[in-house]
**Student:** 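Dropping the structure in here first, questions after.
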Amino acid sequence: MSTLITGIGELTTNAPDGPLHDAAVVLEGERFAWIGPARSAPAADDQVDIGGRAALPGWVDSHTHLVFAGDRTAEFEARMAGQPYRAGGIATTVAATRSASDEQLSANLRRHVIEAYRQGTTCLETKTGYGLSVPDEARSARIAAAIADEVTYLGAHLVPPGADAETYVDLVCGDMLDAVAPHVRWADVFCETGAFDEDQSDRVLRAAAARGLGLRVHGNQLGTGPGVQLAVRHGAASVDHCTYLTDADVEALAASDTVATVLPACDLSTRQPLAPARALLDAGATVALATNANPGSSYTTSMAYCVATAVLQMGLSIAEAVYAATAAGAKALRRDDVGVVEVGARADLQVLDAPSATHIAYRPGVPLTLAVWRSGQRIPTAEWPNVTG
Ligand code: NIG
(Lines give C-alpha, C1' and ligand atoms only; values in the text may rest on other atoms or scores of the structure.)
Protein backbone atom coordinates (compact mmCIF):
# COMPACT_ATOMS: atom_id res chain seq x y z
CA MET A 1 0.00 0.00 0.00
CA SER A 2 1.49 3.38 -1.01
CA THR A 3 0.28 6.93 -0.37
CA LEU A 4 1.28 10.05 -2.30
CA ILE A 5 1.13 13.23 -0.21
CA THR A 6 1.27 16.15 -2.59
CA GLY A 7 0.71 19.91 -2.51
CA ILE A 8 3.36 20.37 0.21
CA GLY A 9 4.10 24.10 0.25
CA GLU A 10 7.15 23.69 2.51
CA LEU A 11 8.73 20.35 3.33
CA THR A 12 11.29 20.28 6.14
CA THR A 13 13.46 17.22 5.55
CA ASN A 14 16.43 18.08 7.81
CA ALA A 15 18.77 17.65 4.84
CA PRO A 16 21.50 20.33 4.89
CA ASP A 17 20.17 22.14 1.81
CA GLY A 18 17.07 23.42 3.61
CA PRO A 19 13.36 22.85 3.04
CA LEU A 20 11.81 21.87 -0.30
CA HIS A 21 8.93 23.83 -1.81
CA ASP A 22 6.01 22.56 -3.91
CA ALA A 23 7.03 19.07 -2.89
CA ALA A 24 5.51 15.61 -2.59
CA VAL A 25 6.40 12.40 -0.77
CA VAL A 26 5.40 8.78 -1.25
CA LEU A 27 4.94 6.54 1.77
CA GLU A 28 5.20 2.84 1.05
CA GLY A 29 4.49 0.49 3.91
CA GLU A 30 6.36 1.91 6.91
CA ARG A 31 8.95 3.93 4.95
CA PHE A 32 9.39 6.97 2.73
CA ALA A 33 9.80 5.63 -0.82
CA TRP A 34 10.07 8.86 -2.82
CA ILE A 35 10.62 12.58 -2.07
CA GLY A 36 10.79 15.36 -4.67
CA PRO A 37 9.00 18.06 -6.63
CA ALA A 38 5.22 17.63 -6.74
CA ARG A 39 5.23 17.98 -10.53
CA SER A 40 7.29 14.79 -10.99
CA ALA A 41 5.67 12.67 -8.29
CA PRO A 42 4.96 9.03 -9.20
CA ALA A 43 1.50 7.52 -8.91
CA ALA A 44 0.51 5.70 -5.72
CA ASP A 45 -2.42 3.62 -4.44
CA ASP A 46 -3.77 6.58 -2.54
CA GLN A 47 -3.32 10.35 -2.84
CA VAL A 48 -3.70 13.21 -0.35
CA ASP A 49 -3.31 16.86 -1.42
CA ILE A 50 -2.44 19.09 1.52
CA GLY A 51 -3.14 22.29 -0.39
CA GLY A 52 0.15 24.17 -0.01
CA ARG A 53 0.54 23.55 3.73
CA ALA A 54 3.79 22.81 5.55
CA ALA A 55 4.96 19.28 6.39
CA LEU A 56 7.84 18.21 8.58
CA PRO A 57 9.19 15.09 10.29
CA GLY A 58 7.16 13.87 13.26
CA TRP A 59 8.55 15.12 16.56
CA VAL A 60 11.00 12.86 18.38
CA ASP A 61 10.29 13.28 22.09
CA SER A 62 13.40 11.75 23.61
CA HIS A 63 12.58 12.41 27.29
CA THR A 64 9.31 11.59 29.07
CA HIS A 65 8.30 9.91 32.35
CA LEU A 66 4.84 8.59 31.51
CA VAL A 67 4.56 5.35 33.46
CA PHE A 68 2.83 6.90 36.44
CA ALA A 69 -0.42 7.26 38.33
CA GLY A 70 -1.78 10.14 40.39
CA ASP A 71 -1.81 13.88 40.16
CA ARG A 72 0.36 16.69 41.53
CA THR A 73 -1.81 19.73 40.86
CA ALA A 74 -1.47 20.88 44.48
CA GLU A 75 2.33 20.78 44.22
CA PHE A 76 2.16 22.81 41.01
CA GLU A 77 -0.13 25.38 42.64
CA ALA A 78 2.24 25.66 45.61
CA ARG A 79 5.13 26.18 43.21
CA MET A 80 3.31 28.93 41.37
CA ALA A 81 2.78 30.53 44.78
CA GLY A 82 6.53 30.53 45.40
CA GLN A 83 7.52 27.08 46.72
CA PRO A 84 10.75 25.86 45.11
CA TYR A 85 10.88 22.60 43.12
CA ARG A 86 13.17 20.11 44.88
CA ALA A 87 12.15 16.83 43.20
CA GLY A 88 10.84 15.46 46.53
CA GLY A 89 7.39 15.17 44.93
CA ILE A 90 8.69 12.16 43.00
CA ALA A 91 7.88 10.17 46.15
CA THR A 92 4.21 11.20 45.87
CA THR A 93 4.04 9.76 42.36
CA VAL A 94 5.90 6.64 43.48
CA ALA A 95 3.22 5.95 46.11
CA ALA A 96 0.39 6.45 43.58
CA THR A 97 2.16 4.36 40.94
CA ARG A 98 2.78 1.46 43.31
CA SER A 99 -0.94 1.45 44.24
CA ALA A 100 -2.14 1.39 40.63
CA SER A 101 -2.96 -1.79 38.73
CA ASP A 102 -1.08 -2.80 35.58
CA GLU A 103 -4.21 -1.94 33.58
CA GLN A 104 -4.40 1.56 35.08
CA LEU A 105 -0.71 2.26 34.38
CA SER A 106 -1.03 0.92 30.87
CA ALA A 107 -4.17 2.94 30.10
CA ASN A 108 -2.63 6.13 31.50
CA LEU A 109 0.52 5.67 29.43
CA ARG A 110 -1.50 4.92 26.30
CA ARG A 111 -3.71 7.99 26.84
CA HIS A 112 -0.68 10.28 27.06
CA VAL A 113 1.05 8.67 24.07
CA ILE A 114 -2.07 9.17 21.93
CA GLU A 115 -2.25 12.77 23.17
CA ALA A 116 1.36 13.21 22.00
CA TYR A 117 0.74 11.53 18.62
CA ARG A 118 -2.18 13.85 17.92
CA GLN A 119 0.18 16.79 18.40
CA GLY A 120 2.71 15.47 15.90
CA THR A 121 4.99 13.31 18.04
CA THR A 122 5.77 10.08 16.23
CA CYS A 123 8.71 8.67 18.22
CA LEU A 124 8.58 8.74 22.00
CA GLU A 125 10.94 7.60 24.73
CA THR A 126 9.64 6.94 28.23
CA LYS A 127 11.15 5.85 31.52
CA THR A 128 10.59 3.79 34.60
CA GLY A 129 11.44 5.60 37.82
CA TYR A 130 8.16 5.82 39.73
CA GLY A 131 8.35 2.20 40.94
CA LEU A 132 11.67 2.12 42.81
CA SER A 133 11.27 -1.50 43.92
CA VAL A 134 12.23 -4.57 41.92
CA PRO A 135 8.65 -5.62 41.05
CA ASP A 136 7.43 -2.06 40.44
CA GLU A 137 10.36 -1.11 38.21
CA ALA A 138 10.07 -4.39 36.30
CA ARG A 139 6.36 -3.94 35.59
CA SER A 140 6.90 -0.27 34.62
CA ALA A 141 9.52 -1.40 32.11
CA ARG A 142 7.28 -4.15 30.74
CA ILE A 143 4.28 -1.82 30.37
CA ALA A 144 6.42 0.87 28.70
CA ALA A 145 7.98 -1.62 26.28
CA ALA A 146 4.54 -2.59 25.00
CA ILE A 147 3.68 1.02 24.07
CA ALA A 148 6.66 3.38 23.68
CA ASP A 149 9.32 3.42 20.93
CA GLU A 150 12.19 3.58 23.42
CA VAL A 151 12.33 2.60 27.09
CA THR A 152 14.78 3.76 29.74
CA TYR A 153 15.44 2.23 33.16
CA LEU A 154 15.47 4.96 35.81
CA GLY A 155 15.60 2.95 39.02
CA ALA A 156 18.11 5.62 40.09
CA HIS A 157 15.48 8.38 40.15
CA LEU A 158 15.30 8.88 43.91
CA VAL A 159 16.31 6.88 46.97
CA PRO A 160 12.91 5.60 48.16
CA PRO A 161 11.80 7.10 51.48
CA GLY A 162 13.23 5.11 54.38
CA ALA A 163 15.86 3.29 52.28
CA ASP A 164 19.61 3.51 52.80
CA ALA A 165 21.20 5.14 49.76
CA GLU A 166 24.14 2.76 49.33
CA THR A 167 21.98 -0.34 49.81
CA TYR A 168 19.50 1.04 47.29
CA VAL A 169 22.26 1.68 44.73
CA ASP A 170 23.34 -1.98 45.18
CA LEU A 171 19.78 -3.01 44.31
CA VAL A 172 19.63 -0.66 41.29
CA CYS A 173 22.88 -2.16 40.00
CA GLY A 174 21.92 -5.74 40.85
CA ASP A 175 18.54 -7.43 41.12
CA MET A 176 16.56 -4.47 39.78
CA LEU A 177 18.79 -4.16 36.72
CA ASP A 178 18.43 -7.90 36.08
CA ALA A 179 14.64 -7.62 36.28
CA VAL A 180 14.26 -4.66 33.90
CA ALA A 181 17.04 -5.42 31.40
CA PRO A 182 14.91 -7.59 29.06
CA HIS A 183 12.49 -4.69 28.51
CA VAL A 184 14.75 -1.64 28.11
CA ARG A 185 17.40 -0.27 25.78
CA TRP A 186 18.64 2.54 28.03
CA ALA A 187 19.61 3.27 31.63
CA ASP A 188 19.56 6.69 33.26
CA VAL A 189 20.52 8.20 36.61
CA PHE A 190 19.38 11.43 38.28
CA CYS A 191 22.78 12.85 39.25
CA GLU A 192 21.82 15.78 41.46
CA THR A 193 22.09 16.95 45.07
CA GLY A 194 19.27 15.17 46.90
CA ALA A 195 19.16 12.30 44.40
CA PHE A 196 22.38 10.42 43.50
CA ASP A 197 25.90 11.78 43.96
CA GLU A 198 28.73 11.38 41.47
CA ASP A 199 30.09 8.10 42.88
CA GLN A 200 26.65 6.52 43.11
CA SER A 201 25.77 7.71 39.60
CA ASP A 202 29.06 6.35 38.29
CA ARG A 203 28.28 2.93 39.79
CA VAL A 204 24.83 2.88 38.19
CA LEU A 205 26.21 3.81 34.76
CA ARG A 206 28.99 1.21 34.96
CA ALA A 207 26.60 -1.56 35.92
CA ALA A 208 24.17 -0.62 33.13
CA ALA A 209 26.94 -0.42 30.52
CA ALA A 210 28.26 -3.82 31.63
CA ARG A 211 24.75 -5.13 31.02
CA GLY A 212 24.84 -3.75 27.46
CA LEU A 213 22.43 -0.85 28.00
CA GLY A 214 22.92 2.56 26.39
CA LEU A 215 23.41 5.42 28.82
CA ARG A 216 21.58 8.66 29.57
CA VAL A 217 21.95 11.05 32.51
CA HIS A 218 19.66 13.57 34.21
CA GLY A 219 22.20 16.28 34.97
CA ASN A 220 22.57 19.89 36.06
CA GLN A 221 18.82 20.42 36.54
CA LEU A 222 18.73 22.24 39.87
CA GLY A 223 22.29 23.55 40.08
CA THR A 224 25.76 23.07 38.67
CA GLY A 225 27.23 19.65 39.39
CA PRO A 226 29.02 16.64 37.98
CA GLY A 227 26.18 15.29 35.77
CA VAL A 228 27.33 16.65 32.42
CA GLN A 229 30.99 15.68 32.86
CA LEU A 230 29.98 12.23 34.07
CA ALA A 231 27.73 11.72 31.04
CA VAL A 232 30.47 12.79 28.64
CA ARG A 233 33.05 10.59 30.39
CA HIS A 234 30.76 7.57 30.04
CA GLY A 235 29.95 8.33 26.38
CA ALA A 236 26.25 8.69 27.26
CA ALA A 237 23.94 9.27 24.29
CA SER A 238 22.40 12.25 26.05
CA VAL A 239 22.54 14.37 29.16
CA ASP A 240 19.18 15.88 29.90
CA HIS A 241 18.15 19.16 31.55
CA CYS A 242 21.50 21.05 31.26
CA THR A 243 19.89 24.03 32.97
CA TYR A 244 22.95 25.06 35.01
CA LEU A 245 26.15 24.70 32.98
CA THR A 246 29.68 25.96 33.51
CA ASP A 247 31.83 26.99 30.54
CA ALA A 248 33.71 23.70 31.02
CA ASP A 249 30.44 21.76 30.72
CA VAL A 250 29.59 23.53 27.47
CA GLU A 251 33.09 22.82 26.11
CA ALA A 252 32.91 19.17 27.15
CA LEU A 253 29.56 18.72 25.40
CA ALA A 254 30.80 20.49 22.28
CA ALA A 255 33.79 18.16 22.10
CA SER A 256 31.70 15.01 22.60
CA ASP A 257 29.04 12.85 20.94
CA THR A 258 26.77 13.32 23.93
CA VAL A 259 23.65 15.26 22.99
CA ALA A 260 22.60 18.10 25.30
CA THR A 261 18.86 17.64 25.68
CA VAL A 262 17.13 20.74 27.00
CA LEU A 263 13.66 20.66 28.54
CA PRO A 264 12.22 24.18 28.45
CA ALA A 265 8.71 23.20 29.59
CA CYS A 266 10.29 21.81 32.76
CA ASP A 267 12.46 24.89 33.31
CA LEU A 268 9.35 27.08 33.07
CA SER A 269 7.14 24.84 35.21
CA THR A 270 9.77 24.68 37.95
CA ARG A 271 10.62 28.39 37.72
CA GLN A 272 14.23 27.71 36.78
CA PRO A 273 16.16 29.70 34.21
CA LEU A 274 15.95 28.34 30.67
CA ALA A 275 18.85 26.09 29.69
CA PRO A 276 21.61 27.84 27.70
CA ALA A 277 20.75 26.20 24.38
CA ARG A 278 22.07 29.14 22.33
CA ALA A 279 25.49 28.95 23.99
CA LEU A 280 25.57 25.17 23.46
CA LEU A 281 24.79 25.51 19.75
CA ASP A 282 27.30 28.34 19.33
CA ALA A 283 29.97 26.17 20.93
CA GLY A 284 29.19 23.32 18.52
CA ALA A 285 27.21 20.95 20.75
CA THR A 286 24.22 18.99 19.46
CA VAL A 287 21.08 20.25 21.21
CA ALA A 288 17.83 18.29 21.39
CA LEU A 289 14.49 19.54 22.67
CA ALA A 290 12.10 17.26 24.56
CA THR A 291 9.00 17.67 26.74
CA ASN A 292 10.05 15.82 29.92
CA ALA A 293 6.33 14.99 30.20
CA ASN A 294 5.70 13.90 33.81
CA PRO A 295 3.15 14.75 36.50
CA GLY A 296 5.57 16.75 38.64
CA SER A 297 8.01 19.04 36.90
CA SER A 298 6.61 19.29 33.35
CA TYR A 299 3.10 18.08 32.63
CA THR A 300 2.90 18.65 28.90
CA THR A 301 3.22 16.40 25.85
CA SER A 302 3.45 19.37 23.49
CA MET A 303 6.66 19.43 21.49
CA ALA A 304 5.31 22.47 19.62
CA TYR A 305 5.24 24.37 22.93
CA CYS A 306 8.91 23.46 23.47
CA VAL A 307 9.82 24.55 19.94
CA ALA A 308 7.95 27.85 20.33
CA THR A 309 9.67 28.49 23.67
CA ALA A 310 13.08 27.70 22.19
CA VAL A 311 12.48 30.29 19.48
CA LEU A 312 10.74 32.96 21.55
CA GLN A 313 12.83 32.75 24.71
CA MET A 314 16.02 30.76 24.09
CA GLY A 315 17.36 32.44 20.97
CA LEU A 316 17.07 29.51 18.53
CA SER A 317 15.98 30.05 14.96
CA ILE A 318 12.90 28.13 13.87
CA ALA A 319 15.12 25.83 11.78
CA GLU A 320 17.38 25.12 14.77
CA ALA A 321 14.43 24.47 17.07
CA VAL A 322 12.67 22.14 14.61
CA TYR A 323 15.94 20.26 14.04
CA ALA A 324 16.42 19.99 17.83
CA ALA A 325 12.92 18.51 18.19
CA THR A 326 13.34 16.00 15.36
CA ALA A 327 16.76 14.97 14.02
CA ALA A 328 18.66 15.90 17.19
CA GLY A 329 16.09 14.03 19.31
CA ALA A 330 16.82 11.03 17.11
CA LYS A 331 20.56 11.48 17.75
CA ALA A 332 19.83 11.57 21.49
CA LEU A 333 18.32 8.11 20.98
CA ARG A 334 21.15 7.09 18.61
CA ARG A 335 18.67 6.53 15.78
CA ASP A 336 18.92 7.57 12.16
CA ASP A 337 15.58 6.17 10.95
CA VAL A 338 13.39 8.86 12.54
CA GLY A 339 13.44 12.66 12.73
CA VAL A 340 14.22 13.07 9.02
CA VAL A 341 12.29 12.91 5.77
CA GLU A 342 14.46 10.81 3.49
CA VAL A 343 14.00 7.72 1.36
CA GLY A 344 14.22 4.64 3.57
CA ALA A 345 13.48 6.49 6.82
CA ARG A 346 10.40 5.64 8.84
CA ALA A 347 7.39 7.37 7.29
CA ASP A 348 6.72 9.76 10.19
CA LEU A 349 5.29 13.04 8.95
CA GLN A 350 3.16 15.84 10.32
CA VAL A 351 1.17 18.39 8.35
CA LEU A 352 0.54 21.83 9.81
CA ASP A 353 -2.52 23.94 9.11
CA ALA A 354 -0.05 26.67 8.15
CA PRO A 355 2.14 27.55 5.17
CA SER A 356 5.46 27.21 7.02
CA ALA A 357 7.04 25.75 10.14
CA THR A 358 7.67 29.31 11.31
CA HIS A 359 4.01 29.45 12.34
CA ILE A 360 4.79 27.09 15.26
CA ALA A 361 6.48 30.02 16.99
CA TYR A 362 4.62 32.82 15.20
CA ARG A 363 1.28 31.40 16.44
CA PRO A 364 2.30 29.87 19.80
CA GLY A 365 -0.32 27.86 21.63
CA VAL A 366 -2.44 27.34 18.51
CA PRO A 367 -2.95 23.63 17.76
CA LEU A 368 -1.65 23.65 14.19
CA THR A 369 -1.13 19.89 13.72
CA LEU A 370 -3.64 18.86 11.07
CA ALA A 371 -2.56 15.37 10.07
CA VAL A 372 0.05 12.88 11.27
CA TRP A 373 1.47 9.73 9.73
CA ARG A 374 3.50 7.36 11.91
CA SER A 375 5.25 4.39 10.32
CA GLY A 376 3.15 5.11 7.22
CA GLN A 377 -0.17 4.89 9.12
CA ARG A 378 -2.36 7.94 9.52
CA ILE A 379 -3.03 8.81 13.17
CA PRO A 380 -6.60 9.98 13.84
CA THR A 381 -6.24 13.64 14.84
CA ALA A 382 -8.93 15.49 16.77
CA GLU A 383 -10.74 16.96 13.78
CA TRP A 384 -9.88 14.25 11.26
CA PRO A 385 -10.41 16.71 8.44
CA ASN A 386 -10.07 16.06 4.75
CA VAL A 387 -6.80 17.94 4.28
CA THR A 388 -7.42 18.61 0.59
CA GLY A 389 -7.74 22.30 -0.35
O1 NIG B 1 13.11 15.11 34.82
N2 NIG B 1 14.59 15.17 37.52
C3 NIG B 1 14.05 14.19 37.79
N4 NIG B 1 12.95 13.67 37.28
C5 NIG B 1 11.88 14.40 36.66
C6 NIG B 1 10.96 14.93 37.67
C7 NIG B 1 9.95 14.00 38.05
C8 NIG B 1 8.99 14.48 39.08
O9 NIG B 1 9.09 15.56 39.69
O10 NIG B 1 8.09 13.67 39.26
C11 NIG B 1 12.41 15.48 35.77
O12 NIG B 1 12.15 16.66 35.97
**Student:** Parallel under 30°, tilted from 30 to 60°, perpendicular over 60°: which one fits the rings of H65 and Y130?
**Tutor:**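 H65 and Y130: tilted rings.
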
**Student:** Please give me the minimum heavy-atom distance between L158 and G194, naming the atom from each residue.
**Tutor:** CD1-O, 4.1 Å

**Student:** Got a donor-acceptor contact below 3.5 angstrom from the S106 side chain to the E103 backbone?
**Tutor:** no

**Student:** In Å and rounded to the nearest 0.5 Å, what is the OG to CD distance from S62 to E150?
**Tutor:**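 These two atoms lie 9.5 Å from each other.
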
**Student:** Using every non-hydrogen atom in the two residues, find where A260 and L280 come nearest and quote the distance to one decimal.
**Tutor:**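 Heavy-atom minimum between the residues: CB-CD1, 3.9 Å.
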
**Student:** Any salt bridge between R53 and E10, counting N to O under 4.0 Å?
**Tutor:** no

**Student:** Who else is in F76's hydrophobic cluster (ILVMFWY, side-chain heavy atoms under 4.5 Å, direct or via others)?
**Tutor:** M80

**Student:** Take D136 and T97 through the side chain to side chain donor-acceptor pair (under 3.5 Å) test and state the conclusion after the steps.
**Tutor:** CA-CA 8 Å; D136 286 300; T97 303; over 6 Å; no

**Student:** Less than 4.5 Å apart, any side-chain heavy atom of N292 and any of T64?
**Tutor:**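 Not in contact.
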
**Student:** How many angstroms lie between CG in D249 and OG1 in T224, if you round to the nearest 0.5 Å?
**Tutor:** 8.0 Å

**Student:** Is a donor from one side chain sitting under 3.5 angstrom from an acceptor on the other, for Y85 and E75?
**Tutor:**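 Per modelled atom types, Y85 and E75 side chains form no pair under 3.5 Å.
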
**Student:** Are L132 and I143 in one and the same hydrophobic cluster, where Ile, Leu, Val, Met, Phe, Trp and Tyr link if side-chain heavy atoms are under 4.5 Å apart?
**Tutor:** yes

**Student:** Can you confirm whether the side chains of S269 and S298 place a donor and an acceptor under 3.5 Å from each other?
**Tutor:**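 Note: S269 and S298 side chains miss the donor-acceptor criterion.
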
**Student:** T152 and D188: side-chain donor and acceptor closer than 3.5 Å?
**Tutor:**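 The answer is no; no qualifying pair exists.
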
**Student:** Examine Y299 together with H112 and report whether their ring centres are nearer than 6.0 Å.
**Tutor:** yes

**Student:** Given 3.5 Å as the limit, does a donor-acceptor pair link the side chain of D348 with the main chain of G58, or not?
**Tutor:** no

**Student:** So if you build clusters from Ile, Leu, Val, Met, Phe, Trp, Tyr with side-chain heavy-atom gaps below 4.5 Å, do Y362 and L368 land together?
**Tutor:**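 In one cluster: no.
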
**Student:** Classify the side-chain pair R98/S133 by whether it contains a donor and acceptor separated by less than 3.5 Å.
**Tutor:** no

**Student:** Do other residues, nucleotides or ligands put more than 12 heavy atoms under 6.0 Å from the CD atom of Q377?
**Tutor:**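 Open.
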
**Student:** Could you walk me through whether L4 and V48 pass side chain to side chain contact (heavy atoms under 4.5 Å, CB included), step by step?
**Tutor:** CA-CA 6 Å; L4 168 65; V48 180; over 6 Å; no

**Student:** What I want to check is whether the side chains of T122 and Q350 have a donor and an acceptor closer together than 3.5 Å.
**Tutor:**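 No, no side-chain donor-acceptor contact under 3.5 Å.
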
**Student:** Between E137 and T128, is there a side-chain donor-acceptor contact under 3.5 Å, judged purely by atom types and distance?
**Tutor:**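 Per modelled atom types, T128 and E137 side chains form a pair under 3.5 Å.
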
**Student:** When hydrophobic residues are tied together by side-chain contacts of less than 4.5 Å, even through go-betweens, does V250 share a cluster with Y244?
**Tutor:**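 No; tracing contacts between hydrophobic side chains, which count when under 4.5 Å, never links both residues.
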
**Student:** Nearest heavy-atom pair of A357 and V322: which atoms, and what distance?
**Tutor:**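 Minimum heavy-atom contact is CB-CG2, 4.4 Å.
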
**Student:** Should we say atom CG of D336 is surrounded by more than 12 heavy atoms from elsewhere, each under 6.0 Å from it?
**Tutor:**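 No, because the 6.0 Å sphere around CG of D336 holds 12 heavy atoms or fewer from other groups.
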
**Student:** Is F190 reachable from V259 through a run of hydrophobic residues whose side-chain heavy atoms are each under 4.5 Å from the next?
**Tutor:** no

**Student:** Does a side-chain N-to-carboxylate-O contact under 4.0 Å join D178 and R211?
**Tutor:** yes

**Student:** Say whether, by atom type as modelled, one donor and one acceptor occur between the side chain of T121 and the main chain of C123 under 3.5 angstrom.
**Tutor:**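 Absent.
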
**Student:** Please determine, by modelled atom types, if D61 and T301 share a side-chain donor-acceptor pair under 3.5 angstrom.
**Tutor:** no

**Student:** Identify the heavy atoms of R72 and P295 that sit nearest to each other, and give their distance.
**Tutor:** CB-O, 3.5 Å

**Student:** Quick check: does any side chain N or O of R378 sit under 3.5 Å from a backbone N or O of V372, one acting as donor and the other as acceptor?
**Tutor:** no

**Student:** Return yes when atom CZ of R110 has more than 12 non-hydrogen atoms of other residues, nucleotides or ligands closer than 6.0 Å, and no otherwise.
**Tutor:**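 Check fails, neighbour count at 12 or below.
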
**Student:** Determine, stepwise, if the pair D170 / T167 fulfils side chain to side chain donor-acceptor pair (under 3.5 Å).
**Tutor:** CA-CA 5 Å; D170 288 344; T167 312; 5.3 Å; no

**Student:** Please test W186 against V151 for side chain to side chain contact (heavy atoms under 4.5 Å, CB included), starting from the C-alpha separation and ending with a verdict.
**Tutor:** CA-CA 6 Å; W186 303 100; V151 183; over 6 Å; no

**Student:** Using a strict 4.0 Å threshold on nitrogen-to-oxygen distance, state whether D202 and R206 make a salt bridge.
**Tutor:** yes

**Student:** When you compare the side chains of D240 and H63, does any donor N or O come within less than 3.5 Å of an acceptor on the partner?
**Tutor:**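 There is such a pair between these side chains.
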
**Student:** Let me confirm one number: the NE2-OG distance from H234 to S201, rounded to the nearest 0.5 Å.
**Tutor:**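 These two atoms lie 8.5 Å from each other.
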
**Student:** Are E342 and R31 within salt-bridge range, i.e. N to O under 4.0 Å?
**Tutor:** no

**Student:** Tell me, with the steps shown, if E77 and R79 meet salt bridge (charged side-chain N to carboxylate O under 4.0 Å, His left out).
**Tutor:** CA-CA 5 Å; E77 286 171 349; R79 204 155 66 234; over 6 Å; no

**Student:** Are N294 and S297 close enough that a side-chain donor and a side-chain acceptor fall under 3.5 Å?
**Tutor:**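 Yes, side-chain donor-acceptor contact under 3.5 Å.
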
**Student:** For G129, is there any backbone N or O sitting under 3.5 Å from a side-chain donor or acceptor partner on H157?
**Tutor:** yes

**Student:** Quick one: pull up SG in C242 and CG in D267 and give me the separation to the nearest 0.5 Å.
**Tutor:** 10.0 Å

**Student:** Are V180 and L333 in one and the same hydrophobic cluster, where Ile, Leu, Val, Met, Phe, Trp and Tyr link if side-chain heavy atoms are under 4.5 Å apart?
**Tutor:** no

**Student:** Report, as yes or no, whether the 6.0 Å neighbourhood of atom CG on D164 holds more than 12 heavy atoms from other residues, nucleotides or ligands.
**Tutor:**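 For D164, atom CG is crowded (more than 12 foreign heavy atoms under 6.0 Å).
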
**Student:** For E198 and Q229, does a side-chain donor sit closer than 3.5 Å to a side-chain acceptor?
**Tutor:** no

**Student:** Which atom names give the shortest non-hydrogen contact between R216 and A237, and what distance separates them?
**Tutor:** NH1-CB, 4.1 Å

**Student:** Taking atom CD1 of I8 and atom OG1 of T13, what is their separation to the nearest 0.5 Å?
**Tutor:** 11.0 Å

**Student:** If you compare all heavy atoms of W34 against all heavy atoms of P42, which two are closest, and at what distance to 0.1 Å?
**Tutor:**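 Reported closest heavy-atom pair: CD2-CD, 3.4 Å.
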
**Student:** Could you tell me whether the side chain of Q272 and the main chain of L268 form a donor-acceptor pair under 3.5 Å?
**Tutor:**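 Such a contact is absent between Q272 side chain and L268 backbone.
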
**Student:** Evaluate the criterion side chain to side chain contact (heavy atoms under 4.5 Å, CB included) for residue pair L289 and V307; output intermediate values, then yes/no.
**Tutor:** CA-CA 7 Å; L289 276 164; V307 168; 4.2 Å; yes

**Student:** Is there a side-chain contact between D46 and S2 (heavy atoms, below 4.5 Å)?
**Tutor:**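 Of all side-chain heavy-atom pairs linking S2 with D46, none is under 4.5 Å.
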
**Student:** Between the side chain of T126 and the main-chain N/O of L66, is any donor-acceptor distance below 3.5 Å?
**Tutor:**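 At least one qualifying donor-acceptor pair exists.
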
**Student:** Going by an N to O cut-off under 4.0 Å, is there a salt bridge joining R346 and D149?
**Tutor:** yes

**Student:** Sub-3.5 Å donor-acceptor pair from the side chain of Q313 to the main-chain atoms of A310, do we have one?
**Tutor:** no

**Student:** Just do the side chain to side chain contact (heavy atoms under 4.5 Å, CB included) check on F32 and L27 with the steps written out, would you?
**Tutor:** CA-CA 5 Å; F32 289 110; L27 323 182; 3.4 Å; yes

**Student:** Sub-3.5 Å donor-acceptor pair from the side chain of N108 to the main-chain atoms of F68, do we have one?
**Tutor:** yes

**Student:** Check whether any side-chain heavy atom of T326 lies under 4.5 Å from a side-chain heavy atom of N14, and answer yes or no.
**Tutor:**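 A side-chain contact under 4.5 Å exists here.
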
**Student:** Tell me if a side-chain donor or acceptor on N220 pairs with a main-chain N or O of T243 at a distance below 3.5 Å.
**Tutor:**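 It does not hold such a pair.
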
**Student:** Quick check on D257: does its CG atom have over 12 non-hydrogen neighbours (other residues, nucleotides or ligands) under 6.0 Å away?
**Tutor:**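 Counting neighbours around CG of D257, 12 or fewer heavy atoms of other residues, nucleotides or ligands fall under 6.0 Å, so no.
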
